[in-house]
Amino acid sequence: MDLLINWVTQIVIFLLLASVVDLLIPANSMKKYVKLAMGLILILIFLKPVFYLFDLDVRQALEASFTEMDQERIENSETENLMKKQKSEIQASQRAYILEQMAVQLKDLANNPLQEEYRKEIADIDFQFSSQTELTYENLNENLDKVKVTLKESEPGEGGVNAVDDVVINTDEPMNDEADLDAEGIKQLLHNVWDVEKEKITIIGEGGSS
């Protein structure tokens, strides 16, 4: 009789404690785990007479249940982190591909005018964007912070320019004056061809001078 009274008393006390805990726990992702744990404990209390009959260790059963719950939570967290990493890698790969295609399109648009007017062609284009939003050629100017254009001498026969004036190079002084004079004209040409603001365009010579 004492065992029955103790069993009922444990059930009543646990239900009261569970109600208090449910009121105190904030509504977040952990609440469902707490509710699940309390449900398991309540089931074990209800089955306590059966455990006595079969001489089962209640503490061991609780520890096994909590261990399994922790393992499941850890596996879910690792899976979520792996999915986020894979998503980031896919997005980075897509962004790199889009930038590469944009660079090809911009080169195709600008190389012929550059060859005809300046005997130059684009060696490389480096984009710098103010945001990480999805990029397209249409929203390029909106999100573009700066574009660095590296130029090189046009190959003979490209752009229809075959005759080249003699050029005297003074190795004692850097050729910055002519490059500076050409830079504004090239920026204006690229602005007209690409519809990109001149202030966002930086011209760099193949040797690194701008």
Side-chain angles (χ1 to χ4, degrees), residues 28-29 73-210:
N28 54 30
S29 59
R73 180 174 56 83
I74 292 172
E75 290 177 357
N76 290 338
S77 178
E78 290 177 350
T79 302
E80 184 178 353
N81 291 336
L82 180 60
M83 291 178 63
K84 288 182 179 179
K85 181 180 179 181
Q86 291 177 343
K87 182 179 179 181
S88 299
E89 291 175 352
I90 292 173
Q91 289 176 341
S93 177
Q94 290 177 339
R95 184 181 180 87
Y97 176 77
I98 291 173
L99 290 179
E100 183 180 354
Q101 294 303 310
M102 284 184 179
V104 171
Q105 293 180 28
L106 295 179
K107 286 180 181 180
D108 290 341
L109 288 172
N111 271 340
N112 284 339
L114 284 172
Q115 290 166 354
E116 292 175 358
E117 296 189 29
Y118 297 98
R119 298 175 185 173
K120 301 283 186 182
E121 63 180 279
I122 298 175
D124 185 51
I125 299 178
D126 181 28
F127 300 100
Q128 295 182 10
F129 294 95
S130 56
S131 66
Q132 297 296 320
T133 56
E134 183 177 354
L135 300 175
T136 63
Y137 184 75
E138 287 72 20
N139 67 6
L140 174 66
N141 196 31
E142 179 181 350
N143 296 313
L144 186 64
D145 185 52
K146 183 181 293 185
V147 54
K148 294 182 180 180
V149 181
T150 303
L151 299 178
K152 66 179 181 179
E153 291 294 330
S154 176
E155 295 291 337
E158 295 186 7
V161 178
N162 293 321
V164 180
D165 297 335
D166 294 335
V167 178
V168 178
I169 300 177
N170 185 355
T171 58
D172 296 331
E173 296 182 1
M175 295 179 60
N176 289 332
D177 294 339
E178 184 177 356
D180 291 338
L181 291 175
D182 289 339
E184 286 302 315
I186 293 173
K187 285 183 181 181
Q188 183 62 46
L189 185 150
L190 296 179
H191 164 70
N192 295 336
V193 173
W194 292 345
D195 193 24
V196 174
E197 298 176 16
K198 288 175 59 178
E199 293 76 13
K200 296 181 178 181
I201 302 174
T202 300
I203 305 299
I204 302 174
E206 194 173 21
S209 60
S210 59

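- Using modelled atom types and a 3.5 Å distance limit, the side chains of N192 and Q188 yield a donor-acceptor pair.
- Side-chain contact between K120 and E153 is present, with at least one heavy-atom pair separated by less than 4.5 Å.
- Of the inter-residue distances, the one linking L151 atom CG with Y118 atom OH reads 10.5 Å to the nearest 0.5 angstrom.
- Of all heavy-atom pairs between K148 and Q128, the closest is CE-NE2, 3.6 Å.
- Here CD1 of I90 is found 6.5 Å from CD of Q86. Values are rounded to the nearest 0.5 Å.
- Distance alone, capped at 3.5 Å, is enough to place a donor-acceptor pair between the S88 side chain and the K84 backbone.
- Summarising the local packing, NZ of K198 is surrounded by more than 12 heavy atoms from other residues, nucleotides or ligands at distances under 6.0 Å.
- Minimum interatomic distance between D145 and K200 (heavy atoms only, all atoms of both residues): O-CG, 3.8 Å.
- Taken from CG in D126 to OG1 in T150, the straight-line distance is 7.5 Å, to the nearest 0.5 Å.
- Atom NZ of K107 has more than 12 heavy atoms from other residues, nucleotides or ligands within 6.0 Å.
- Taking each heavy atom of A103 and I125 in turn, the nearest pair found is O-CD1, 3.8 Å.
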Inset, instruction - Report the C-alpha distance between M102 and I98 in whole Å, list the side-chain angles of each, state the deciding distance to 0.1 Å, and finish with yes or no for side-chain contact (heavy atoms from CB on, under 4.5 Å). - result: CA-CA 6 Å; M102 284 184 179; I98 291 173; 3.7 Å; yes
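- Shown here for F127 and L99, the closest heavy-atom pair between the two residues is CE1-O, 3.7 Å.
- One finds the CD atom of E116 at 6.0 Å from the CG atom of N112 (value rounded to the nearest 0.5 Å).
- Checked options L106, D124, I204, L190; the residue passing with V149 is L190 (criterion: side-chain contact (heavy atoms from CB on, under 4.5 Å)).
- Across every non-hydrogen atom of N111 and I122, the tightest pair is OD1-N, 2.9 Å.
- In this structure, NE2 in H191 is found 8.0 Å from CD1 in I201, a value given to the nearest 0.5 Å.
- With T79 contributing its side chain and E75 its backbone, the two residues share a donor-acceptor pair below 3.5 Å.
- Of all non-hydrogen atoms in I203 and A183, the two that sit nearest each other are CG1-O, 4.1 Å.
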